[in-house]
Novice: 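Handing you a structure now.
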Amino acid sequence: MSDQNRLGVFKTYKLYVGGKFPRSESGRVYEVTDSKGQWLANAPQSSRKDARDAVVAARKAFGGWSGATAYNRGQVLYRVAEMLEGRKDQFVREVAASEGLSKSKAAAVVDAAIDRWVWYAGWTDKIGQISGGANPVAGPFFNLSTPEPTGVVAVLAPRKSSLLGLVSVIAPVIATGNTAVVVASADAPLPALSLGEVLATSDVPGGVANILSGVTAELAAPLAAHQDVNAIDLTGADPALAKELEIAAADNLKRVLRPGPVDADWAASPGTHRLTAFLETKTVWHPTGALGAAGSSY
């Protein structure tokens with residue numbers, strides 16, 4: 001059969017929840033268009049039930065993921081970068097269509113996103129050295145502070161940066177041992193949904209990262225009010241929505257990372273503030289023995 005008579009196979013985009021690819025519980029979809037308004041695909045429009053299911057999956061995965069060694073998490077995340085590299089052409093096409101970029105500029109964005117993922121993967125076993133340590137105290141004690149993951153983190157992905165911005169908000173959350181429920185950009189969800197396919201074919205356990213698409217406000221409200229969500233990143237929320245979500249998040253004292261500029265420069269050096277944003281500090285005291293005239297003894 002010649003190529004001109006062949007019917008193309010359209011891709012069906014699905015959610016990524018608990019390591020599986022469900023359609024939205026509601027059965028709804030919405031049209032995703034490119035920067036010129038041309039149809040690209042139908043994306044699932046997640047419901048409140050999908051958001052709750054994602055939280056359940058994230059909580060179930062938290063124990064195993066947070067209990068893994070930091071070095072092991074780094075290995076797992078590096079594997080994600082390997083898979084991204086192997087599917088680079090697909091992501092270049094999706095980013096170019098989603099953000100209205102030329103192929104060369106989209107390729108540069110995808111390269112930066114892969115490099116950003118590797119960068120965060122390298123921090124898994126190092127962040128403890130800059131956010132913890134031995135504290136000087138008066139008395140015969142060791143006083144040690146160590147960082148621990150907060151728990152389940154809801155992440156509202158950037159509205160405009162469909163891949164580099166997405167990687168910049170999801171990678172630091174899971175690199176530090178948290179699990180994530182990510183609400184993709186409503187206007188450009190396709191790279192995020194494809195990232196779910198990459199996560200599924202890497203070594204990341206199901207439930208560590210869950211990706212939803214749909215109306216941001218519709219999904220963010222139940223996540224901000226959910227009693228089993230420990231923190232929320234409001235990057236993708238507009239100022240009015242962010243204020244409402246902060247109020248809802250206060251009910252169970254969630255950690256809140258407030259949104260920055262809408263047109264943030266995601267290509268800039270990210271620093272470590274997103275790594276430390278969702279860490280708790282545990283301090284342990286341990287006696288060292290009595291202090292005598294000749295000095296301390298153990």
Side-chain angles (χ1 to χ4, degrees), residues 3-4 6-16 21 29-46 77-121 155-172 180 182-202 204 209 211-216 235-236 238 259-270:
D3 289 343
Q4 65 181 7
R6 181 180 179 275
L7 293 176
V9 178
F10 287 102
K11 181 173 180 177
T12 302
Y13 287 89
K14 297 181 182 179
L15 309 177
Y16 183 58
F21 295 96
V29 297
Y30 70 101
E31 291 188 354
V32 178
T33 59
D34 63 14
S35 59
K36 299 179 181 179
Q38 296 178 324
W39 181 86
L40 290 174
N42 289 335
Q45 186 171 334
S46 304
L77 295 185
Y78 186 81
R79 176 63 175 167
V80 175
E82 290 180 356
M83 302 302 290
L84 278 169
E85 187 81 24
R87 296 177 62 167
K88 185 187 298 185
D89 290 345
Q90 173 195 349
F91 281 96
V92 168
R93 292 193 301 270
E94 290 179 342
V95 169
S98 298
E99 301 181 23
L101 302 177
S102 65
K103 185 176 180 180
S104 60
K105 289 184 177 179
V109 168
V110 174
D111 285 342
I114 297 171
D115 292 346
R116 180 66 48 83
W117 196 281
V118 173
W119 191 84
Y120 276 119
V155 180
L156 308 187
R159 287 171 282 173
K160 296 183 179 295
S161 185
S162 62
L163 183 62
L164 179 56
L166 172 75
V167 166
S168 298
V169 295
I170 186 175
V182 183
V183 179
S185 165
D187 295 329
L190 303 188
L193 297 176
S194 290
L195 179 63
E197 298 173 2
V198 169
L199 295 172
T201 52
S202 66
V204 179
I211 300 176
L212 307 174
S213 59
V215 180
T216 300
T235 295
D238 60 46
V262 174
D263 297 316
D265 181 10
W266 292 105
S269 177

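Just the heavy atoms: all of them, side chains too, but no hydrogens, waters or symmetry mates, feed the values below.
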Novice: With a 4.5 Å heavy-atom cut-off, do S185 and S162 have their side chains touching?
Specialist: no
Novice: Output the distance between atom CD1 (I114) and atom CZ (R87), rounded to the nearest 0.5 Å.
Specialist: 11.5 Å
Novice: How far does CG of L190 sit from CD of Q90, to the nearest 0.5 angstrom?
Specialist: 10.0 Å
Novice: How close do A186 and Y30 get, heavy atom to heavy atom, and via which atoms?
Specialist: O-OH, 2.8 Å
Novice: For residues A43 and V32, report the shortest heavy-atom separation together with the two atoms involved.
Specialist: CB-CG2, 3.6 Å
Novice: Can you name the residues that form a ring pair (Phe, Tyr, Trp, His ring centres under 6.0 Å) with F91, not counting sequence neighbours?
Specialist: none
Novice: Does V155 reach the side chain of T235, with side-chain heavy atoms less than 4.5 Å apart?
Specialist: no
Novice: I'd like to know if D187 pairs up with K160 as an ion pair, taking the criterion as any Lys NZ or Arg NE/NH1/NH2 lying under 4.0 Å from an Asp or Glu carboxylate oxygen.
Specialist: no
Novice: Under the ring pair (Phe, Tyr, Trp, His ring centres under 6.0 Å) test, which residues partner F21, sequence neighbours left out?
Specialist: Y16
Novice: Evaluate side chain to side chain contact (heavy atoms under 4.5 Å, CB included) for I170 paired with W117, printing each intermediate quantity in order.
Specialist: CA-CA 9 Å; I170 186 175; W117 196 281; 3.8 Å; yes
Novice: Any side-chain donor paired with an acceptor under 3.5 Å for R116 and S168?
Specialist: yes
Novice: How close do A96 and S102 get, counting heavy atoms only, and between which atoms?
Specialist: CB-O, 4.4 Å
Novice: What closest approach, in Å, do W119 and P270 show between heavy atoms, and which atom pair accounts for it?
Specialist: CZ3-CG, 3.6 Å
Novice: With a 4.5 Å cut-off on side-chain heavy atoms, are V182 and L166 touching?
Specialist: yes
Novice: Is there a side-chain contact between E82 and E85, using heavy atoms and a 4.5 Å cut-off?
Specialist: no
Novice: Which heavy atom of V95 sits nearest a heavy atom of L163, and at what distance?
Specialist: CG2-CB, 3.8 Å
Novice: Evaluate the side-chain proximity of V110 to L84: yes if any heavy-atom separation is below 4.5 Å, no if none is.
Specialist: no
Novice: May I ask you to test the Y13-S213 pair for a side-chain heavy-atom distance under 4.5 Å?
Specialist: no
Novice: With side chain to side chain contact (heavy atoms under 4.5 Å, CB included) as the criterion, how do E94 and L40 come out once you've worked through the C-alpha distance, each side chain's angles and the decisive distance to 0.1 Å?
Specialist: CA-CA 9 Å; E94 290 179 342; L40 290 174; over 6 Å; no
Novice: Taking all atoms of both residues into account, what is the closest heavy-atom pair of P44 and L193, and its distance?
Specialist: CD-CD1, 4.1 Å
Novice: When you compare the side chain of K11 with that of S194, does any pair of heavy atoms fall below 4.5 Å?
Specialist: yes
